[in-house]
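In what follows, chains are A, B, ... by sequence order, proteins preceding strands, each numbered from 1. Note that this is a predicted model, so its numbers are computed, not measured.
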Amino acid sequence: MAHWLMKSEPGSYGWPDLVRDGSAEWDGVRNAAARLHLKAMRPGDEAFFYHSGDQRSVVGIMRIVRAAAPDPKDGDWVSVAVEPLRPLAPPVTLKAIKAEPRLAGLEMLRQSRLSVSPIREEEWRAILQLAETAP
DNA sequence: GCCAACGTTGGC
DNA sequence: GCCAACGTTGGC
């Protein structure tokens, strides 16, 4: 099972919206590198839900429930279907991520504008640990 | 509000 | 095919 990180502006679609909806089509991605990552996703993969903008935190974990299919709004692009698994309480802030040496190689730090990025196994565990040990 | 990073567009 | 200009994203 692979792990991912997916960003959204909470003002446009946030974790609470996903929890309310029960599932969502993760569409609107218009970046070639992000599209490659979407296409690599398999049902059962897990992804962090990251709030960009003011919050700048990983706020929850979701599960990929359907592989990539043509984006309903534009068939040149793709979307996957996701479901919320559980919130990260407390959220893991970008600040905490940057302060953790084990996360120095994180793709989302290297390319801050990339909205869908892969997360290595060790990195996934390190972020979960940050959530558990946060004050 | 500004700026860095990066993608896209259009002129040549 | 190159590159300058411009637009967007996201962090500070």
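Residues meeting the side-chain hydrogen bond (donor to acceptor under 3.5 Å, both in side chains) test with A:N31, sequence neighbours left out: none. Residues forming a side-chain hydrogen bond (donor to acceptor under 3.5 Å, both in side chains) with A:W4 (at least two apart in sequence, or on another chain): A:D45. For A:W124, the ring pair (Phe, Tyr, Trp, His ring centres under 6.0 Å) partners two or more places apart in sequence, or in a different chain, are A:H3, A:F48. Take A:K73 and apply the side-chain hydrogen bond (donor to acceptor under 3.5 Å, both in side chains) test, not counting sequence neighbours, and it matches A:D27. Taking A:R125 as the reference, nothing meets the side-chain hydrogen bond (donor to acceptor under 3.5 Å, both in side chains) condition, with sequence neighbours excluded.
In this structure, A:R30 atom CZ and B:dG7 atom P are separated by 16 Å, rounded to whole Å. For A:L5 and C:dT9, the CG to P distance is 17 Å, given to the nearest whole Å. Here the P atom of nucleotide C:dC12 and the CD atom of A:Q55 are 15 Å apart, to the nearest Å. For the pair A:H51 NE2 and C:dT9 C1', the interatomic distance rounds to 17 Å; values are reported in whole Å.
Counting only residues at least two apart or on different chains, the side chain to side chain donor-acceptor pair (under 3.5 Å) pairs with a member in residues 74-87 of chain A are A:E25-A:S79. Within the structure, every pair that satisfies the side chain to side chain donor-acceptor pair (under 3.5 Å) test and touches residues 11-20 of chain A, not counting sequence neighbours, is listed here: A:Y13-A:D21, A:D17-A:R20.
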Using atom names, set out every protein N or O paired with an N or O of nucleotides 4-6 of chain B below 3.5 Å, distance rounded to 0.1 Å.
residue	atom	partner	partner atom	Å
B:dA5	N3	A:R113	NH1	2.9
B:dC6	O4'	A:R113	NH1	3.4
B:dC6	O2	A:R113	NH1	2.3

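Shown for residues 93-103 of chain A: residues whose heavy atoms fall under 4.0 angstrom of DNA chain C, namely A:L94, A:K98.
The backbone N or O of A:S112 lies less than 3.5 Å from a partner atom in the side chain of A:K7, making a donor-acceptor pair.
For C:dT9, the OP1/OP2 oxygens have no side-chain nitrogen or oxygen of A:Y50 closer than 4.0 Å.
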